Amino acid sequence: HEKVGEAVRCVMLGAARATRVAHVLRTTQRHASHGPKTYGKGEFRGFTPPHVPMWQKRVGEGFATAAWLWFFWRCYHDGGHLVGM
């Protein structure tokens, strides 16, 4: 009797969890569109981009250039192998 009662309890808990999960999914889907109705005003719709110092822009451009040069170098040397030639 003890094992049967435990099995029934497990089944009932599983059903309760499934019901809770289904409820959360239904309410999330039903209320998904209840957000802000406008996107702000101005050039970037209310977003103010942070000020980036010039040295950070230069360093970023340098790293980006190095990354693209490395990519083209690897394509030049390994491109045929990558496409099956």
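The shown structure was predicted, so the numbers you read here are calculated from the model rather than taken from an experiment.
Atom-to-atom distance recorded for Phe72:CZ and Leu69:CG is 8.0 Å, nearest 0.5 angstrom.
By the 30° and 60° cut-offs, the orientation of the rings of Phe71 relative to Trp68 is perpendicular.
Val52 approaches Gln56 most closely through the heavy-atom pair CG1-OE1, 3.6 Å.
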